[in-house]
Asker: 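Next up is a structure, given as C-alpha cells.
Everything numeric here is computed off the predicted structure, so don't read it as measured data. In what follows, chains carry the letters A, B, and so on, assigned in the order in which the sequence lines appear, proteins first and then strands, with residues in each chain numbered from 1.
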Protein chains: 2
Amino acid sequence: MTRARGITIKDVARRAGVSITAVSHALNDKGTLSAATREHIRTVADEMGYEADALARGLRRSTMGAIGLVLRSLDALGDYAPAGVDVFERFVGAAASQALARGLSLMLVPDLTRAPVPPLAFSLDGYIVTNPHVDDPVIARLEERGIPYVTYGRPPGRPDFTHWASEDDEDSARLVLNHLATAGARSVALVRGTDPNAWNLEHQEIYLGWCEERGSTPRLYELPERAGVEGGVALADRILDEGLPDAVFCLTGRHAAGVQRGLMARGVRVPAQTMVVAGSDSEHARNSRPAISALELNPVDSSAALLDILQSLIAGRPADAPRLTRARFRPRASTRR
Amino acid sequence: MTRARGITIKDVARRAGVSITAVSHALNDKGTLSAATREHIRTVADEMGYEADALARGLRRSTMGAIGLVLRSLDALGDYAPAGVDVFERFVGAAASQALARGLSLMLVPDLTRAPVPPLAFSLDGYIVTNPHVDDPVIARLEERGIPYVTYGRPPGRPDFTHWASEDDEDSARLVLNHLATAGARSVALVRGTDPNAWNLEHQEIYLGWCEERGSTPRLYELPERAGVEGGVALADRILDEGLPDAVFCLTGRHAAGVQRGLMARGVRVPAQTMVVAGSDSEHARNSRPAISALELNPVDSSAALLDILQSLIAGRPADAPRLTRARFRPRASTRR
DNA sequence: CTAGAAAGGTAAAACGTTTTATGCAATGCT
DNA sequence: AGCATTGCATAAAACGTTTTACCTTTCTAG
C-alpha cells in the first residue's frame, strides 16, 4: 500500500532553481525573499499544482485545516444514527457546511476517552463538543492536550468558561411555558432527559423558577434519552396515575411523541384535556397526531457562531463569546385550543 | 499556538532504557526483539499512556485511521445542510456510526476538485464517494493519487468498476412500478433529477424497460435536484398540460411533494385520479397530505457494506463487491385506492 | 579453534515540511 | 579605507515516527 505521493516542495525547488527554504518562504509569506523570486516561485508552484503535504506541515506544529466534532449527545443516545432526531442530524450537516465554507474539513470523532483513541484525534486544530456533561472527561482530555474547543450548549458547572454557543434556553423555555399558560394551562409537568448536560439542567432550573413565580407545584420527570418513544409511552402511565396535568413539556421530540401516544391510549384527549409540547423539534413531533408543538432549534446559526469562536481561539485572538441564537417556536395542533 | 504534545516515542525509550527503534518494533511487532524486551517496553508504554503521533506515523506512509466522505449529491443540491433530505443526513450518520464502530474516524470533505483542497484530504486512508457522476472528476483525482475508494451507487459508465454498494435499484424500482400497476395505473410518468449519477440513469433505464414490456408510452421528465419542492410544483403544470397520467413516480421526495401539491392545486385528486410515489423517502414525502408512498433507502446496511469493501481495499485484500442492499417500500395514502 | 549463522539490539536515514541560524554580496556611513 | 547595515538566499535542524542497514554477542558446526 505504498501511496503515490504528490509533488513535493523539493520538486518545486528544483524546477524553480531555488532552495526548498525559498519555496517555503515564498508560499508562506515569510523570510526575506525579493518580490521577484517570490512571484517566480509562486508561478512555478501553481503550474506544477503543488499542494503542501498536510502531515509534514502538521508535524512542524502548524495548523491542520481540520476540526473535530464530538457528538456527546449521541453517546447518550447509544446510537450514532438515530432516525428523525433533528438536532444531531442537522447539526452535523450544518457544522460541516459551515466548516467547509471556511475551508476547514470536519472530522467526526468518537468518544475520546475510550481507547483506542482515533489516530488523528489529537492532531486536529480544534474541537466542537456538543452538549458536554458535568465534568465531561472529553473536555478534560482536550484541555490536557491544550487543544482549543468550543461547546454547543454551555458546559454545566463551569461558570467561568465562555467559549460556547447555544440557543437561548431561558428565552425559548419561557416562550413555551407562557404559550401553555396563555392557552390556559395551570399545572405543567416537565419531562427531561437523564444526561447531565446544560440542556437538561438549565431547562429544569428555568422550569422550577417559572413554577415558583406562578405558585404552581412543579412536577418533574426524568427519562433516559435512549428510552425514546417507548419510554414516553410508559411514562404516560405514571403521569396519569399521579393526576393529569394541564400540559406536559417534554424536552425531546421522541419523549413527547411517546407521552402523547401513551396518554391518548388511556383515553386522554389532546389538546382538549392535556397539551403536549416538545423542547426540540423532531420528526416524531411533526408526525404525531395531533402534531406536537415544538421548539425548532437553530443548528445553522449556532454552528456558525461556534466556528467563529473556534477560529478566533485557534488564531489566538480573543473570542466574542458566548453567543446565543434564537430557536423558533412551532405551534401545532397539540396545543391549539 | 505551540501545542502541548503528548508523550513521544523518545520518552518511552528513555524510560524503558532502550532505543527508539526498539520501542517502535515492540509496539508494531516488527524486528527481532526478544519476547521479554518486547513485553517490558509494552508495559512501560502502557503505563505512560503513549499513543503514537498520527502525523509522524502518516509521514512514513503508514495508515491514518481515517477515511473521507465526499457527498457528491450535496454538491448537486447546492446546500450542505438540506433539511429533511433523508438519505444524505442519515447516510452521514450511518457512515459515521459504521466508521467509528471500526475505530476509524470519518472526515467530511468538500469537493476535491475545487481549490483549495482541504489539507488532510489526500492523506486519508480511503474514501467513500456518494453518487458519483459520469466521468466524475473527484474519482479521477482519487485514482491519480492512488487512494482507495468505494462508491455509494455505482459510477455510471464504468462497468469494470466493482467497488460499490447500493440499494438494489432494479429490484426496488420494479417494486414501485408493480405496486402502481396493481393499483390500476396504466400510464406512469417518471420524474428524475438532472445529476448524471447511477441513481438517475439506472432508474430511467429500468423505467423505460418496464414501459416497453407493458407496451405503455414512457413519459420522462427531468428536474434539477436543487429545484426542490418548488420545482415540483411548477412541473405539475407541465405534466397536467400534457395529459394526466395514472401515476407519477418522482425519484426524490422533494419533487414528489411538489408535484403532488402542484397537481392538487389544479384540482387533481390524489390518489383517486393520480397516484404519486417517491423513489427516496424524505420528510416532505411523509408530511405531505396525503402522505406520499416512498422507498426507504437503507443507509445503514449500505454504509456497512461500503466500509467492509473499503477496509479490504486498504488492507490490500480482495474485496467482496459489489454489494446490494434492500430498500423498503412504504405504501402510504398517496397510492392507496 | 574458527567460520558462519542466529539472536538481539541500535544508529541513522527517510518522510515533507517549517524554522532558525548562517552566509554572502552590495550598500551606507564615518 | 574600514566597518556596520541591509537585502537576499540557503544550509541545517527539528518535528516524531518507521524502516533499513549495520553492529555486537553468542551459539553451532566442522
Asker: If you look only at pairs with a residue in residues 36-50 of chain B, which of them pass as a salt bridge (charged side-chain N to carboxylate O under 4.0 Å, His left out), with sequence neighbours excluded?
Answerer: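 Output for this query lists D29(B)-R38(B), D29(B)-R42(B).
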Asker: Could you pull out all residues at least two apart from D160(B) that satisfy side chain to side chain donor-acceptor pair (under 3.5 Å)?
Answerer: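 For D160(B), no residue satisfies side chain to side chain donor-acceptor pair (under 3.5 Å) once neighbours in sequence are set aside.
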Asker: Under the side chain to side chain contact (heavy atoms under 4.5 Å, CB included) test, which residues partner S105(A), sequence neighbours left out?
Answerer: A66(A), M107(B), P110(B), P118(B)
Asker: Taking only residues two or more places apart in sequence or in another chain, which ones pass ring-ring contact (aromatic ring centres under 6.0 Å, His included) with W164(A)?
Answerer: none
Asker: Whether the side chain of T32(A) and the base of dA9(D) hold a donor-acceptor pair under 3.5 Å is what I'd like checked.
Answerer: yes
Asker: Return the set of residues passing side chain to side chain contact (heavy atoms under 4.5 Å, CB included) with H163(A) (not counting sequence neighbours), or none when no residue passes.
Answerer: V150(A), F161(A), I309(A), L313(A), A319(A), A321(A)
Asker: Quantified as the angle between the terminal helix axes (five pairs each), what is the overall bend of the helix from dC1(C)-dG30(D) to dT30(C)-dA1(D) to 10 degrees?
Answerer: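 Inter-axis angle at the ends, rounded: 60°.
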Asker: Treating primed atoms plus P, OP1 and OP2 as sugar-phosphate and everything else as base, which nucleotides of nucleotides 17-24 of chain C get B, S or - for protein heavy atoms under 4.0 Å?
Answerer: BBBB----
Asker: Check side chain to side chain contact (heavy atoms under 4.5 Å, CB included) between L201(B) and all other residues, then give those that pass, not counting sequence neighbours.
Answerer: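 In terms of side chain to side chain contact (heavy atoms under 4.5 Å, CB included), with neighbours along the sequence ignored, L201(B) is linked to V134(B), P156(B), R192(B).
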Asker: Got a sec, which residues hit side chain to side chain contact (heavy atoms under 4.5 Å, CB included) with L142(A), two or more places apart in sequence or on another chain?
Answerer: L112(A), Y127(A), V129(A), V138(A), I147(A), Y149(A)
Asker: Just jot down the side chain to side chain donor-acceptor pair (under 3.5 Å) partners of T37(B), sequence neighbours excluded, or say none.
Answerer: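 With neighbours one apart ignored, the set is S34(B).
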Asker: Do any of residues 34-42 of chain A sit with a heavy atom less than 4.0 Å from DNA chain D, and if so which?
Answerer: S34(A), T37(A)
Asker: Could you state the atom-to-atom distance from CG of L59(A) to C1' of dA13(D) in whole Å?
Answerer: 13 Å
Asker: L33(A) has a side chain; which of dA11(C), dC15(D), dT10(D) sits nearest to it?
Answerer: dT10(D)
Asker: Can you name the atoms? Protein N/O to nucleotides 24-27 of chain D N/O, anything below 3.5 Å, with the distance.
Answerer:
none

